[in-house]
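Let me begin by presenting the structure, written as structure tokens, before commenting on it.
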Amino acid sequence: MSASAPLKPRVRFAPSPTGYLHVGGVRTAIFNYLFARQHGGTFILRIDDTDTKRNLEEAVKVIIDGMKWVGLDWDEGPEKGGNFGPYYQSQRFDRYKAAAEKLEKSGRAYWAKKQIGDKLPDWKIEKMKKAGKWDEDLAKASQDPNPALYFKIHEGEPQDVTLEDAVWGRYSRPADVLNDYVLLRGDGTPTYNFATVVDDIEMGITHIIRGEDHLANTPKQINLYKALGAPLPQFAHLPMIHNDKGEKISKRRDPVAVTLYQACGLQPEALFNFLALLGWSPGDDREIMTKDEMIAAFTLERIKLAPAQFTLARKRDLKPEADEKERADWLAESLPTTKLEWMNGEYMKKLPLPELVERARPFLAAQGYALDAMPAEKLAQVVKLEQERSRTLRQLAENVKLFFAAPASYDPKAVEKVLKKGDGLAMLKDVRAMLDAQSDWAPHVLEEALKKFVEAKSTKFGNVAQPIRVALSGATVSPPIHDTLAVLGKAEALARIDRALAAVA
RNA sequence: GUCCCCAUCGUCUAGAGGCCUAGGACAGCGGCUUUUCAAGCCGCCAACGGGGGUUCGAAUCCCCCUGGGGACGCCA
């Protein structure tokens, strides 16, 4: 077990197909990925589906799509194949059986019925009931007439187990807390602790980078490695991610599915960057980093041990029973003022316009805008005007509304303040006449014309711009007024001004 | 309940005995700019959980407390 990386490390991300891809899992995958790429190693995706009876295909697709979306690619695994397949645990039962036989033969495994008492400790039962996990499953298991295959964890004299974790340092467990554990259940299926070890050995995994929740089990797994005569990999356990309440991030209370972030119009590059910086930093002041920069800077040693909070500006609690759409709405509400949203805005600003337009399309369509009716060039102009003004695609889609629909109503406050008070209405009438006379409707021409107009009226620009703004958008906010006019087009702009004049007069 | 781990601004973090009157970023606040909203620029606010040691010197090392987390299944 060496602390330095071998020439070609092999690492793996092994999610369980539960129907969604967890952001915590994505972070684990990112760390594995960065490590592999930095050392020119191999990044493997393996599906840990020993327990899945449900629609596996669907659930695996969610994982694959999510991984691809955030910009993770793997060298071996589903869709890629590889020399160490199959990459589904459900298709590797023969290996587990073979390993089990080997252990049995060497006297390191034995068949037995549930042995450490028939009942679990009371505190455990309480806890499980509280968590809603106290289901038939368990009761059934304890009544299972079939014996299970147990791993005899000690050979000869019980010994303490110590490991050098790449991020935690030395971690050791005394011999007396290392108990025999189940490898094969009564029904013959392998347990997690058995299947992972067998697969990690057979797939030649050199570095196991996974969540801290697995740390305590690692010594037990180490003994299994030894019993199977396999070399030990380097372990690296990652600190957990907490929610804004300091709790372990949870599926019920927190927005953990990556699809939610997608639905809020976050950029995959931003989410990747943000997640990579949760518990890891390059050591200097860099925050916005390209994938290549992160690959170059990544080291396991620089991972921080304290759990990191995935902070959201939670305004209200998320109902545990909320569906996907409610969750996405909740997330969108909780994103403003967060670092993640800021970072996303930075990435959006950098995006080439055509790419941004493509990414914005589904969000614009979701707003019900008639996209097909708008020429591509105009659409690009519209998006460009909001590129710097929006921090998510969802916001962009909302902000861009005035270019797709005339105001259905006018904000009463805006009308009062901008049109009714002072000479707003008169000013609007006059600009309208001036604009009507414009033959060239290019933005810079309009800007000049407006400036001249303001000068002639010896007033402030705002006194002219704001009335137009209200007429065009129904409110006091829009991109620069000459740009807005230009993109809207002369006919539409004048029509909206007329409508506003009629509505307010 | 038992065992283990962790602890720097509200948040993400830098910091591996003197470079720390603790640095950066987000958020917040104020200003400049201005055509509204953004963006941009400038500035301000803000932390070593508490208590003991060790040391000439501690955010950094040790101990205790407190707080938080994790593990303890025929779940993964």
Side-chain angles (χ1 to χ4, degrees), chain A residues 14-16 18 48-52 89 113-114 116 120-124 126-128 133 135 137-138 140-142 144 146-150 168 171-174 176-177 179 181-193 195-196 211-218 237 239-240 242 244 246-248 274 277-288 304-313 336-343 345 349 385-391 399 414 418 447 450-451 454 460-466 468-470 473 475-482 484:
Chain A
S16 183
T18 52
D48 278 12
D49 58 346
T50 55
D51 195 41
T52 313
Q89 290 195 323
K113 289 220 37 174
K114 190 159 183 64
I116 313 162
L120 286 160
D122 293 341
W123 64 264
K124 179 73 190 178
E126 266 320 295
K127 202 176 166 187
M128 287 203 294
K133 284 182 179 173
D135 45 22
D137 222 42
L138 200 96
K140 244 185 253 162
S142 60
D144 192 337
N146 299 315
L149 185 69
Y150 279 78
W168 293 79
Y171 180 84
S172 107
R173 307 254 65 204
D176 61 356
V177 306
N179 298 318
Y181 60 95
V182 173
L183 303 176
L184 294 178
R185 301 186 184 96
D187 63 5
T189 58
T191 59
Y192 166 81
N193 276 315
T196 358
E212 190 224 293
D213 44 346
H214 293 289
L215 181 58
N217 276 328
T218 305
H237 288 89
M240 302 276 84
H242 288 175
D244 49 297
E247 305 160 325
K248 184 178 173 184
F274 178 80
L277 256 24
L278 230 43
W280 174 78
S281 78
D284 48 39
D285 288 338
R286 283 180 295 170
E287 305 237 51
I288 307 266
K304 204 187 149 183
L305 282 79
Q309 270 190 224
F310 191 135
T311 313
L312 292 170
T337 75
T338 63
K339 196 163 194 165
L340 173 57
E341 196 201 52
W342 162 76
M343 198 172 263
K349 277 185 237 165
L385 287 181
E386 278 300 331
Q387 181 164 22
E388 237 185 25
R389 268 165 258 272
S390 309
R391 284 183 153 189
N399 294 346
V418 176
E447 187 176 15
L450 284 166
K451 273 188 184 154
V454 168
K460 290 202 290 186
F461 203 106
N463 291 335
V464 175
Q466 286 305 75
I468 303 176
R469 201 162 259 131
V470 174
S473 74
T476 52
V477 177
S478 87
I481 203 64
H482 57 272
T484 308

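We name chains A, B, ... by the order of the sequence lines, and we start the count at 1 in each one. Here the structure is a predicted model, which means the values were calculated and not measured.
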Task: Listed partners of A/S390 passing side-chain hydrogen bond (donor to acceptor under 3.5 Å, both in side chains), at least two apart - done: A/E386, A/N399
TODO: Please state the P separation for the pair B/C9 and B/A46 - nearest whole angstrom.
DONE: 14 Å
TODO: Check the distance between B/C72's P and A/N193's CG and give it to me in whole angstrom.
DONE: 8 Å
Open item on the list: Measuring from the side chain of A/H482 (C-beta onward, heavy atoms only), which nucleotide among B/C12, B/U35, B/U36 has the closest atom?
Closed with: B/U35
- [ ] Would you sort out whether A/T50 and A/T189 count as a side chain to side chain contact (heavy atoms under 4.5 Å, CB included), showing the intermediate values?
- [x] CA-CA 7 Å; A/T50 55; A/T189 58; 5.8 Å; no
Open item on the list: Measuring only the C1' atom in each nucleotide, how far is B/G24 from B/U66? A whole number of Å is fine.
Closed with: 30 Å
Open item on the list: Check this one for me: any side-chain N or O of A/T50 less than 4.0 Å away from OP1 or OP2 of B/A76?
Closed with: yes
Task: Same-atom distance (C1') from B/C12 to B/G73, integer angstrom - done: 36 Å
Task: Side chain of A/R173 - closest among B/C4, B/C6, B/A71 - done: B/C4
Task: Base-pairing mate for B/A7 - Watson-Crick or G-U, with both contacts under 3.5 Å - done: B/U66
Taking only nitrogen or oxygen atoms into account, show me every contact under 3.5 Å that the protein makes with nucleotides 65-68 of chain B, one pair per line with its distance.
none

Open item on the list: Taking any heavy-atom pair under 4.0 Å as a contact, classify A/G345: base, sugar-phosphate, or nothing.
Closed with: nothing
- [ ] State which residues pass side-chain hydrogen bond (donor to acceptor under 3.5 Å, both in side chains) with A/T476; sequence neighbours excluded, sorted by chain then number.
- [x] none
Task: Length of the line joining A/F461:CZ and B/U35:P, which is rounded to integer Å - done: 7 Å
- [ ] Using the P atoms only, state how far B/U11 lies from B/G68, rounded to an integer number of Å.
- [x] 14 Å
Task: Residue met sooner reading RNA chain B from 5', once A/E287 and A/A465 are mapped to nucleotides - done: A/E287
TODO: Classify the nucleic acid contact of A/I481 as base, sugar-phosphate or nothing, counting any heavy atom under 4.0 Å across all strands shown.
DONE: base
- [ ] Pick the C1' atom in B/G10 and in B/C5, then give their distance to the nearest Å.
- [x] 25 Å
Task: Between B/C72 and B/C45 - C1' atom distance, rounded Å - done: 45 Å
- [ ] Just call it for A/Y181: base, sugar-phosphate, or nothing, with non-hydrogen atoms closer than 4.0 Å on any strand.
- [x] nothing
- [ ] Look at all strands and tell whether A/E447 reaches a base, only sugar-phosphate, or nothing, counting heavy atoms closer than 4.0 Å.
- [x] base
TODO: Would you mind reporting whether A/K339 and A/T311 have side-chain heavy atoms less than 4.5 Å apart?
DONE: no
Open item on the list: Counting the atoms with a prime plus P, OP1 and OP2 as sugar-phosphate, which does A/N217 contact under 4.0 Å by heavy atoms, base, sugar-phosphate, or nothing?
Closed with: base
Open item on the list: Taking 4.0 Å as the cut-off, does a side-chain nitrogen or oxygen of A/K304 come that near to OP1 or OP2 on B/U13?
Closed with: yes
- [ ] For the side chain of A/V477, starting at C-beta, report the closest nucleotide among B/C74, B/U36, B/G24.
- [x] B/U36
TODO: Whole angstrom is fine here: how far is it from CG in A/D213 over to P in B/C4?
DONE: 19 Å
- [ ] Not counting sequence neighbours, which residues clear side-chain hydrogen bond (donor to acceptor under 3.5 Å, both in side chains) with A/Q466? List them please.
- [x] A/R469
Open item on the list: Is there a side-chain contact between A/N399 and the phosphate of B/C37, meaning an N or O under 4.0 Å from OP1 or OP2?
Closed with: no
TODO: Pick base, sugar-phosphate or nothing for A/P174, based on heavy-atom distances below 4.0 Å to the nucleic acid.
DONE: nothing
- [ ] Send over the distance from A/L385 CG to B/U36 P, rounded to a whole Å.
- [x] 16 Å
Open item on the list: Over all strands shown, is A/K248 touching base, sugar-phosphate only, or nothing at heavy-atom distances under 4.0 angstrom?
Closed with: sugar-phosphate
Task: Sugar-phosphate, base or nothing in reach of A/T189, heavy atoms under 4.0 Å - done: nothing
TODO: Identify, with sequence neighbours excluded, every residue that meets side-chain hydrogen bond (donor to acceptor under 3.5 Å, both in side chains) alongside A/Y192.
DONE: A/H214
Open item on the list: Base, sugar-phosphate or nothing for A/S281? Non-hydrogen atoms, less than 4.0 Å.
Closed with: sugar-phosphate
Open item on the list: Say we look at B/C61 and B/C48: how far apart would their C1' atoms be, to the nearest angstrom?
Closed with: 15 Å
Open item on the list: Using a heavy-atom cut-off of 4.0 Å across all strands, would you classify A/S478 as base, sugar-phosphate, or nothing?
Closed with: base
Task: RNA chain B: 5'-proximal contact among A/M240 and A/F274 (nearest heavy atom) - done: A/F274
Task: B/G17 versus B/C44 - spacing of their C1' atoms, nearest Å - done: 32 Å
Below 3.5 Å between N/O atoms, which protein atoms pair up with nucleotides 39-42 of chain B? Just atom names and distances, please.
from	atom 1	to	atom 2	distance (Å)
B/A39	O3'	A/K349	NZ	3.0
B/A39	O2'	A/E388	OE2	3.3
B/G40	OP1	A/K349	NZ	3.4

